[in-house]
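Worksheet for the structure shown next.
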Amino acid sequence: MSDPFDLSDSTSNSDSVKPRPDGPSYLTALNEEQADAVETVEGAVLVLAGAGTGKTRVLTTRLAHILNSGHAHPGETLTVTFTNKAAREMKSRVERILKHPLEGWFLGTFHSVAARILRRHAEVVGLKSDFLILDTDDQLRLLKQIIESHDLDEKRCPARSLSTIINKWKDRGLGPDQITPAEEVAFADTMASYLYRDYQMRLCKLNAADFGDLLLHNLTIFQNEEQILEEYQQRFRYILVDEYQDTNISQYLWLRLLAQKHLNICCVGDDDQSIYAWRGAEVNNILNFEKDFPGAKVVRLERNYRSTSHILGAASNLIAHNENRLGKTLWTDVNGGEKVRVNGLWDGEAESQLLLDTISDQQLNGHSLNEIAILVRASHQTRPLEERFLRTGLPFRLVGIMRFYERLEIRDAIAYLRVIAQDSDDLAFERIINQPKRGVGNSTLEKLHVVARSADYPLIQAARDLIESDELRGRAKTGLQDLIQLIDQWRELHRKETELPILAQKVLENSGYLEMWKKDKSIQAPGRIENLNELINALHEFDTLSAFLEHISLVIDNSERVEGDMVNIMTLHGAKGLEFDTVFLPGWEEGLFPHQRALDEGGLKGLEEERRLAYVGLTRAKHNVMISHVANRNVFGQWKSALPSRFLRELPDENIVETSEILASGGVEEINEDVSDWNRPKLGRRPSNWKRLSQSSQQKSNFPETPPDPTPNAFRIGLRIFHQKYGYGKILNIEGNKLEVSFEKAGTKKVMGSYVQPT
DNA sequence: GTACATTCTCTTTTT
DNA sequence: GAGAATGTAC
């Protein structure tokens, strides 16, 4: 069975390889450019590797070659990737080439390597080596508290915006002291840098670091303690970097500091696949490489071993519309193949249906479902697909959409464990204090905060003190007392080195947390209990609680079921680095893809990044691509009419086959006019007057999701109608396109005529 | 003061 | 359609 996560090149490129009688066998499988990139061991090397040109092969072979040829011991190499998946893959492939397992080297994500270094020198930046790594959710809670503590209006100064601002500063390597007045942004009357400083102080008190801190603290350590920097510079004789186009400034500075001594750095990347600018990635890092490392060797990999010429043609033409790129010409000698299919459909329902039908056909024709992927722009697009898959009974897996460790119940359970591990973990304590309900509400919590703040000690300590005093009474007091007692018991178990699964089991049972979900009769509850059991199960793999907590904060991998033959559903971002026989790309509509927000916030740059995303999507496919767009999409429970994505216009006719069930009168021509005008109207603002060519999909499905017919209904008073949300009702009055309706269940409401249907 | 019901706002992508 | 913020009932 094929493994969907196998990053190996689909096609062996042995046919194109000139015989290379010299050197070890792993080198003989490379083409000329690849071999050049691998064998240029000394000095700085930039490998510009287009999609499907054997990038991973080059990186792994190069590392194996450095080790095998005696240039360095594993401990003298540093290899950084962006995802744990990529790191794992790289490790196993290098070990496969060398035919023995390796230990003690630095191979991992930027964040995990930085965390490892930071733990060794935490005291330099005022942390203890067992500092806690906060994830996005924790960070947001903390910022919210800080905003509240300064009596700022949360509506006008949302924690989310502040986190974006602070993260951006951190991505650029700027600590609170480096924020110049010119850097200050409009947030709460230029209080952002002040709040940033406050936030960092809070983190320090909590003995915690957020994702950005891992790199930023590393930089501080390197800049302040020269001998520590030198130690690492000396140690890392060879540095390898994957996905260099995605590095942000602090990662870039980090790499540059580390590489300064030996200057043996090899970065692999593709500017056309840079899709993380929103996260601070700086494409200039790749564009400036030769300036940063004078005399650097640049190797271009342009021979594509993955896709057919039609797919490559479509992708190349699309990406050629970007102005900001180094420019590469991918080529293949695999000619022909099937053209890229483009389908216009009436609504999301019809789209899902078409996808499922096509997939069923492929399955009948003996295709492996593992080799099929549906790549969406935004994760909420997966839900209607899921429902359709479940109804049809076709197996599927969601890759990276709902991360296991981000689930509510898992986060709660982990919070319990965190409280056991660290007294100072206020965030975790706050999370579990009234979960399950034990009568400790907001006002009690506020009292705890006041005490903790004035005495400058952890929340849990404040709880202990308040129980002793007369401040609390009733259920708040007993509830809190019981909780503290339980925590002390659990800590005792932990001290006695109770096995983690047993400890967790006891925690979940004694706390009543498990019971809470057992009593819950919502549909999700059984699934949550299952997840909790899965968590207990996962704990078997860890010896200590702190090892587990470290794992979850950085290796937030999904516990996906990889086994079995299933269709892969994931976001375009999540698909980078993967490849499949058949790729479905639904939702190519203006506003969704390119996403309106990317355009609003990023302008032309935003558009170009969206286009790169489209390029990434297309180039995942080996043999078949099917793109689809719909005329009506239900966003938010509201029907919006949508125009086909401008990207469709950028695919050459000779590489595509277009079929459409819809016909636009007005609107579609407008999309053709001026490609450089990125500022399109918002999704559905302009009526597009779609006409359905076939009624088939409407007849097939009489689900309430069916969008309103675009032709105006002849409403009259007394007509019985159906509304999606309110159900059946009678029209009482008509004012323009607004109707006053007396609903059978929901009472009298005013609704838009376009949202009701005559029955 | 807490728990429950209701309203209101957002949803791009992630280590 | 969910999660949080707000309002209302104990």
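Just so we're on the same page: letters track the sequence lines, and every chain starts at 1.
- Residue A:T136 has no polar side-chain atom (N or O) positioned under 4.0 Å from OP1 or OP2 of B:dT15.
- Proximity of A:S379 to the phosphate of B:dT13: a side-chain N or O atom is located under 4.0 Å from OP1 or OP2.
- Judged by distance alone, the side chains of A:D213 and A:Q200 do bring a donor and an acceptor atom under 3.5 Å apart.
- For the segment residues 434-441 of chain A, residues with any heavy atom less than 4.0 angstrom from an atom of DNA chain B are, sorted by number, A:N434, A:K437, A:G439, A:G441.
- Per the geometry, CD belonging to A:Q596 stands 15 Å off C1' belonging to B:dC10, to the nearest Å.
- For the pair A:D242 CG and B:dT15 C1', the computed distance is 14 Å after rounding to whole Å.
- Using a 4.0 Å heavy-atom criterion, one finds that A:R612 contacts no nucleic acid atom at all.
- Within 4.0 Å (heavy atoms only), A:F110 reaches no atom of the nucleic acid at all.
- Summarising the geometry, the separation between CG on A:L140 and P on B:dC10 is reported as 14 Å, rounded to the nearest angstrom.
- Considering only side-chain N and O atoms, A:S443 lies under 4.0 angstrom from the phosphate OP1 or OP2 of B:dT2.
- Look at NE2 on A:H595: it is 15 Å from C1' on B:dT14, rounded to the nearest Å.
- Side-chain contact check for A:S163 and A:Q139: no donor-acceptor pair (N or O, by modelled atom type) lies under 3.5 Å.
- Note on A:R325 versus A:E608: no salt bridge recorded, every NZ/NE/NH1/NH2 to OD/OE distance being 4.0 Å or above.
- For A:E243 and A:K576, the salt-bridge test passes: some basic side-chain N is under 4.0 Å from an acidic carboxylate O.
- With rounding to whole Å, A:I433 atom CD1 is found 14 Å from B:dT2 atom C1'.
- The residue from A:Y244, A:F106, A:F110 that alone fulfils the side-chain contact (heavy atoms from CB on, under 4.5 Å) condition with A:V80 is A:F110.
- Each of B:dT15, B:dT13, C:dG1 was ranked by its minimum atom distance to the side chain of A:E387; first place goes to C:dG1.
- Applying side-chain contact (heavy atoms from CB on, under 4.5 Å) to A:E589 and the options A:V630, A:L643, A:N632 leaves one that passes, A:V630.
- The closest side-chain donor-acceptor pair between A:R611 and A:Y615, if any, does not fall under 3.5 angstrom.
- Nucleic acid contact class of A:E243 (heavy atoms, under 4.0 Å, all strands): none.
- B:dT15 atom C1' lies 5 Å from atom CZ of A:F211, rounded to whole Å.
- No option in A:D271, A:D272, A:N324 other than A:D271 meets the side-chain contact (heavy atoms from CB on, under 4.5 Å) test with A:V283.
- In this structure, a donor-acceptor pair under 3.5 Å is present between the side chains of A:N531 and A:E409.
- The nearest whole Å value for the distance from the CG atom in A:L448 to the P atom in B:dT2 is 10 Å.
- We find that the ring of A:F82 and the base of B:dT15 do not stack by the test of centres under 5.5 angstrom and planes tilted less than 30°.
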Distances for protein N or O near nucleotides 2-10 of chain C N or O, under 3.5 Å:
from: C:dA5; atom 1: OP1; to: A:K144; atom 2: NZ; distance (Å): 3.1

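- Picking from C:dG1, B:dT14, B:dT2 the nucleotide with the shortest atom distance to the side chain of A:H573 gives B:dT14.
- The six-membered or imidazole ring of A:Y252 lies away from that of A:W254, with a centre-to-centre distance of 6.0 Å or more.
- Each of A:A598 and A:A476 was matched to the nucleotide of DNA chain B holding its nearest heavy atom; the match closer to the 5' end belongs to A:A476.
- Rounded to whole Å, atom C1' of B:dT13 lies 13 Å from atom NZ of A:K168.
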